[in-house]
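The structure appears right after this line, and notes come after that.
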Protein chains: 2
Amino acid sequence: MTTAVPAEDTRTRLLGTALRLFAEHGVEGTSLQMIADALGVTKAAVYYHFKTKAEITESVAEPGIRELDLLVVEAARHRRRGAQVDHLLDGFVDLVVRHRVLVALFSSDPGINRAIAKSAHGMEGFKDALIGILAGPEPDVTARVTAMVALTGVAMAGGSPDLAELDDETLRHELIDVGRRLLGRPRRHHD
Amino acid sequence: MTTAVPAEDTRTRLLGTALRLFAEHGVEGTSLQMIADALGVTKAAVYYHFKTKAEITESVAEPGIRELDLLVVEAARHRRRGAQVDHLLDGFVDLVVRHRVLVALFSSDPGINRAIAKSAHGMEGFKDALIGILAGPEPDVTARVTAMVALTGVAMAGGSPDLAELDDETLRHELIDVGRRLLGRPRRHHD
DNA sequence: GTCTATATCGTGATAGAC
DNA sequence: GTCTATCACGATATAGAC
């Protein structure tokens, strides 16, 4: 019953090379032809696995989206709001740092923003949920603006080539620090 | 000597309609054909005024880039660093708020980022100059990260549709406020 | 100096053979 | 699953009318 290598093998390879090419030439700078060539197949073969190019970019980004999704759920489970914010910020920064390349890539891709807006699975905007946790219930304008600045700032700075030289630990530490300052969370003593 | 209507008239009209269409369908969602049709001319006519589509998007964004450029120069003229930061932050927020639509549009356009990176006229990256002023001379990592988060956060939040409901004055006030908090500038008393 | 007509070529996408 | 057409459309280019 060794049903052999899963049929998804090609699909997975495809996503791998796609990511590599995206990182190298940008999303819009990567054609289906390039992906096909890199895989040694034809464009049409690529189309067998993905109906559209957007579907490829979304699939490449999906692991990150999933993590983010899960993070929001987890964070929301805390009873105290402070713990919610802490959990969310820590997790978000960690996610951004680990997926730096992805973040940089897709922050400048029109398609991905659409995907994030409508969220991964179909449930409406978990981006609102993110902001909701950071800004608190019934937030005033200041809280909302602060939450947005914190979230977008951390993401953009984390993905920026200007900070690419920093190792993960340093970047993570700095981003959490600036995030906590912004959101009014107490300073942490770091070793 | 009424040398008549400048030849740039069409060029200007073109940039106007281009901006309108960009705002409506996004940059990549707007073809040269659409622009040509909206103007009542042919694609080739458009191509006469601009050698490439990228040139159009850059020209549309240029006024903003110029302002930003000027702002950096002005800010750098202050002797005290505090005054430099204040000037830059005020000006930057004002610019973002006034050009909200542009900011939203081009923050997700790969082409514009390239344009900003290499700067308008040819002098290399004034983005570095921006960060340089905010982070100060010989900045440590924390200062650099903070400056980046502040700059990108303000820009993204300012251009975000999520805050589009806010009127200019409110948004400006809130962004300056959060910016000052981040950059460690003293609170201002607002009326 | 401003535009039209027209052609080229790459790209995303589809239909159908193997 | 993969390939061979084949499509429409986009950006880009050139030749030439006015």
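Note on naming: letters A, B, ... go to the chains in the order of the sequence lines (proteins, then strands), and numbering restarts at 1 for each one.
In this structure, the CE atom of B:Met34 is 9 Å from the P atom of D:dG10, given to the nearest Å. One atom, CZ of A:Arg13, and another, C1' of D:dG1, lie 13 Å apart when rounded to the nearest Å. When the P atom of D:dT4 is taken as reference, atom OH of A:Tyr48 falls 18 Å away, rounded to whole Å. A straight line from CG of A:Asp37 to P of D:dC3 spans 11 Å, rounded to a whole angstrom.
Contact annotation: B:Thr10 reaches the phosphate of C:dC3 (side-chain N/O to OP1 or OP2, under 4.0 Å). Within the structure, every side-chain polar atom (N or O) of B:His49 is placed at least 4.0 Å from both OP1 and OP2 of C:dG1. Note on A:Thr42: a side-chain N or O is less than 4.0 Å away from OP1 or OP2 of D:dC3.
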- Where along nucleotides 12-18 of chain C does protein come under 4.0 Å, by heavy atom, of base (B) or sugar-phosphate alone (S), with - for untouched nucleotides? BBB----

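For B:His99, the ring-ring contact (aromatic ring centres under 6.0 Å, His included) test picks out no residue, with sequence neighbours left out.
Note that CG of A:Leu39 and NE2 of A:His49 are 8.5 Å apart. Values are rounded to the nearest 0.5 Å. A distance of 6.5 Å separates CD1 of A:Ile35 from OG1 of A:Thr30, quoted to the nearest 0.5 Å. Separating the CD1 atom in B:Ile133 from the NE2 atom in B:His78 is a distance of 9.0 Å, to the nearest 0.5 Å.
Judged purely by atom type and a 3.5 angstrom limit, A:Arg181 has no side-chain atom pairing as donor or acceptor with the backbone of B:Thr146.
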- Starting from the C-alpha separation in whole Å, work towards a yes-or-no answer on salt bridge (charged side-chain N to carboxylate O under 4.0 Å, His left out) for B:Lys53 and B:Glu28. CA-CA 10 Å; B:Lys53 185 180 181 180; B:Glu28 69 155 13; over 6 Å; no

